[in-house]
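Since the structure comes first, as structure tokens, the remarks are kept for the end.
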Amino acid sequence: MEPKISEKAWNPELEKNILKQWEEDKIYDFTPEENNFTIDTPPPYPSGRPWHIGAAAHYSQIDMIARTARMAGKNVYFPIGIDRNGLPVELYTEKKHKIRMRETERGEFLNLCRNALDDLEAEMILIMKNLGISGDFVNYYRTDSEEYRTLTQSTFIKLWKKGEVYLANRPNNYDWVSGTTIADAEIIYDDLQTKLVYMKFKIKDTDQEIIIASTRPELLCACRTIIVNPEDERYSKYIGKKIIVPITNAEVELRTHHSAKQEFGSGAVMVCSYGDQNDVVLFRELELDEIVAIGLDGRMTEVAGEYAGLKPKQARTKIIEDLETAGFVEKIDDIVHRTPISERSKIPIEIIPMEEYYLKQKEKVENIKEIGNEITFHPTMHKQILMNWLESINIDWPISRRRFYGTEIPIWYCKNCSEPHVPEAGKYYKPWNEACPIANCTKCKSTEFIGEERTFDTWMDSSVSPLFISKFNRDDEFFNKVYPVSIRPQAKDIVRTWLYYTLLRCEELTGEKPWSEAWVMGYGLDEKGMKMSKSKGNAIDPLPVIEKLGADTFRFWSASEINHGYDFRCNEQKIESTKKFLSKLWNVSRFLSSFPVIDSGTPNASDKWILSELDKLVKECKKGYEEYNFFIPAIAIREFTWNVFAAHYIEMVKARAYGIEFSDEERDGAIFTLHKTLKTILKLLAPITPFITEHLWKILYSNESIHKQKQVDVENIEEQTEITKEISEFNSIVWNEKKSQNLSLKDSIKMEIPQILKPFEKDLKSMHNLLD
RNA sequence: GGGCUCAUAGUCUAGCUCGGUUAUGACGUCGCCCUUACACGGCGAAGAUCCGGUGUUCAAAUCACCGUGGGCCCA
């Protein structure tokens with residue numbers, strides 16, 4: 001019989017038609033019912049080309065979650081969103097058009113950003129679609145849309161009215177390149193080369209001096225005290241004495257504090273506003289008055305005297321020269337210093353007192369721990385990232401940013417008395433560009449207002465994604481059916497930001513957890529295990545890879561190579577070699593396509609054996625799918641299909657399936673079993689490689705999409721693992737024997753079949769052409 | 001300094017919970033082979049001090065302890 005499938009290999013070009021068919025048939029449409037399964041899909045940020053290959057792998061796996069749930073009989077809601085708020089697009093736009101944000105008219109700048117986002121977004125959507133992501137692209141959302149920003153602002157207004165938001169003037173992490181305050185969560189650390197300067201400080205009214213080592217001599221003008229460890233005997237006689245600061249000649253007191261490390265530098269530390277976070281703590285604890293030495297422009301202020309106007313780094317160089325000239329320097333060491341830098345602009349942050357809005361979070365920590373414990377983490381170990389972060393929270397969340405492309409903070413201030421006014425929730429407000437919707441100041445009745453110019457931290461937007469997709473405040477019926485949503489898939493590196501902030505915000509607004517499960521994935525690394533980044537030039541563009549090899553190859557690579565939760569290496573050659581398995585599957589199907597599909601048959605010993613192995617496979621895949629760990633089914637299916645089913649079973653039953661020297665009943669037993677096995681393999685594999693399985697399924701078995709089928713159930717057939725081993729060993733022996741005798745595989749040979757394999761005798765004889 | 005996590009052939013990986021096989025499989029490498037599904041294939045070969053040390057045990061990749069090295073996070 002002619003095979004229904006004539007091509008010799010899987011052609012990834014076919015994916016395009018299949019994709020079109022799915023789109024036309026709307027096979028993934030969702031209307032809320034019982035048994036909803038909602039995915040809080042991470043909205044990717046279009047920050048520039050190329051998109052990350054690790055992200056493509058990540059979204060492929062999120063799609064596997066959706067398809068797994070669908071085949072488990074759940075009603076899947078799989079929204080797609082694009083995150084468009086924040087700094088990266090502003091930097092991208094500034095660079096692209098060679099303009100400065102603050103020197104450009106705000107409305108015009110926002111338009112340029114929007115256009116840039118549209119271009120980058122289009123490519124991301126294209127990649128996601130080509131990957132076979134079964135999400136809702138028709139109603140995809142943007143976090144900068146009027147609807148989304150209305151939600152962000154409404155949730156802020158709610159919290160403002162509850163008294164959860166306050167304004168405070170505090171030392172803040174300031175990134176002067178992007179001109180904004182940033183949260184602790186956005187700080188990363190880098191080891192940078194710097195100079196540790198050992199300076200001589202005179203003790204007042206004596207001719208003695210002490211040595212103080214510092215990496216920030218330019219902050220001498222902001223020095224308020226000197227501390228030493230209380231147990232440091234070298235300095236005990238100077239405690240309480242006045243010390244003269246070099247250059248400025250200011251007098252400060254020498255005090256004790258346990259945070260001074262005896263072994264670092266000279267053991268004596270100058271405390272300035274603000275060299276680092278420890279200085280902030282000390283100023284608060286010792287009740288010192290701060291001196292603002294660095295301004296918002298990132299330059300030294302007038303208190304720095306002749307250094308005013310210089311950048312801290314320039315001032316440092318100059319002051320070191322001056323200190324040396326004046327004989328205040330004992331020595332200078334070159335050291336590597338762990339420096340806090342801004343995650344976004346990659347420059348060292350400064351700590352500067354500024355007035356910013358804060359959202360209360362400190363008193364919420366215990367609440368969040370509780371709801372965190374109600375959530376099932378996949379893998380369990382990553383829950384620890386959240387718990388560690390919760391332990392370390394010690395300040396509230398600064399939520400205002402001095403940037404343009406973000407959701408506006410909806411506040412107007414009375415021009416006369418400065419009283420802040422927050423409008424009614426439910427509308428999108430742009431205070432920098434719109435009149436205040438409130439007629440009179442509630443305090444002084446004045447009619448003139450000034451709009452707030454700042455925007456929110458982008459996590460204020462993305463942290464309400466579960467509320468947005470479940471139509472919070474917009475459609476109560478929908479919301480009640482869908483919220484809390486089922487699962488939050490996301491990457492490991494944003495647990496302390498996106499995951500945490502979502503818990504915080506959703507708990508504040510709904511009193512409930514946002515999802516039942518959190519699924520946390522590792523990072524994509526390059527071939528050598530380094531983190532991929534555009535600046536290092538080791539980033540791989542996913543688009544050409546997918547276009548060349550097809551989505552299924554890429555997806556199968558992603559499943560079979562990425563152990564869930566762990567970091568993974570991306571290697572193009574390895575992705576390519578994955579294609580071989582799809583070829584194997586294709587050719588197995590091609591072979592089976594030459595036999596009629598029959599619904600029943602009487603299995604013989606060989607058939608029963610492969611069916612028991614198949615059932616074992618179903619069991620294993622089920623286990624993997626239940627944990628959304630696709631590594632388990634991918635590896636198991638490949639192993640079974642290639643090394644058991646194709647290598648041994650098909651070879652054993654080939655002659656029987658053709659009906660050569662076998663009865664019709666024996667033949668049908670083989671054909672039935674072959675099809676049952678392939679059908680099962682296709683279904684098991686469908687969530688991972690949706691295209692090829694759909695194609696083969698439709699050619700061989702049904703007009704209805706494989707993605708509408710229910711997953712195969714475990715039958716609990718008794719295991720025959722021992723037989724598998726015996727068969728493969730026996731086959732190996734025969735092949736080796738023929739080889740050593742220089743025989744072709746079809747030549748006949750005389751071999752003794754082991755006792756345990758007697759039930760398989762007839763099949764084995766025909767397979768190897770064994771003589772009696 | 002603290003926390004999390006990892007360590008098995010050139011690369012990825014199974015096994016470790018609950019100790020006993022010749023340490024699994026894949027990619028890559030090499031050799032042979034067109035056998036009526038597949039040369040994008042088949043068969044076979046080479047390739048691992050299971051990070052190191054100590055202990056428990058008749059027996060350790062597996063258990064315990066002490067180290068070393070990598071990654072990430074926090075201070």
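Below, chains carry the letters A, B, ... as their sequence lines are ordered, and counting in each starts from 1.
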So which of residues 723-751 of chain A are in contact with RNA chain B, with a heavy-atom cut-off of under 4.0 Å?
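Within residues 723-751 of chain A, the residues near RNA chain B are Ser732(A), Trp735(A), Asn736(A), Lys739(A), Leu745(A), Lys746(A).
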Strand-adjacent residues in residues 633-644 of chain A, judged by heavy atoms under 4.0 Å from RNA chain B:
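Arg638(A), Glu639(A), Trp642(A), Asn643(A), in order of number.
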Testing the 3.5 Å rule here: is there a donor-acceptor pair between the side chains of Tyr649(A) and Asp607(A)?
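Indeed, the side chains of Tyr649(A) and Asp607(A) share at least one donor-acceptor pair under 3.5 Å.
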Rounded to whole Å, how long is the line connecting atom [atom1] of [X] with atom [atom2] of [N]?
X	N	atom1	atom2	result
His382(A)	rG71(B)	NE2	C1'	12 Å
Lys579(A)	rA26(B)	NZ	P	20 Å
Trp586(A)	rA37(B)	CH2	P	16 Å
Glu620(A)	rG15(B)	CD	C1'	12 Å
Ile650(A)	rG42(B)	CD1	P	11 Å
Ile385(A)	rC72(B)	CD1	C1'	8 Å
Lys8(A)	rC40(B)	NZ	P	9 Å
Leu585(A)	rG41(B)	CG	P	13 Å

Between Gln384(A) and Lys492(A), which is nearer to the 5' end of RNA chain B once each is assigned its nearest nucleotide?
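So the residue in question is Gln384(A).
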Scan Tyr628(A), Tyr625(A), Trp519(A) and name whichever one has a ring-ring contact (aromatic ring centres under 6.0 Å, His included) with His378(A).
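Only match with His378(A) under ring-ring contact (aromatic ring centres under 6.0 Å, His included): Tyr628(A).
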Counting the atoms with a prime plus P, OP1 and OP2 as sugar-phosphate, which does [X] contact under 4.0 Å by heavy atoms, base, sugar-phosphate, or nothing?
X	value
Phe631(A)	sugar-phosphate
Glu651(A)	base
Lys584(A)	base

Using a 3.5 Å limit on both distances, find every run of at least three consecutive Watson-Crick or G-U pairs that involves RNA chain B.
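Output for stems: B:1-7 with B:68-74, B:10-12 with B:25-27, B:29-33 with B:41-45, B:51-55 with B:63-67.
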Distance between the P atoms of rU49(B) and rC12(B), in whole angstroms?
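These two P atoms come out 15 Å apart once rounded.
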Distance to the ring centre below 6.0 angstrom and angle to the axis at most 45 degrees; does that hold for Arg488(A) and Trp498(A)?
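Cation-pi check for Arg488(A) and Trp498(A): passes.
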So, is the end of the Arg638(A) side chain (NZ or CZ) under 6.0 Å from the ring centre of Phe556(A) and within 45° of the ring's axis?
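Geometry flag: not set, cation outside 6.0 Å or 45°.
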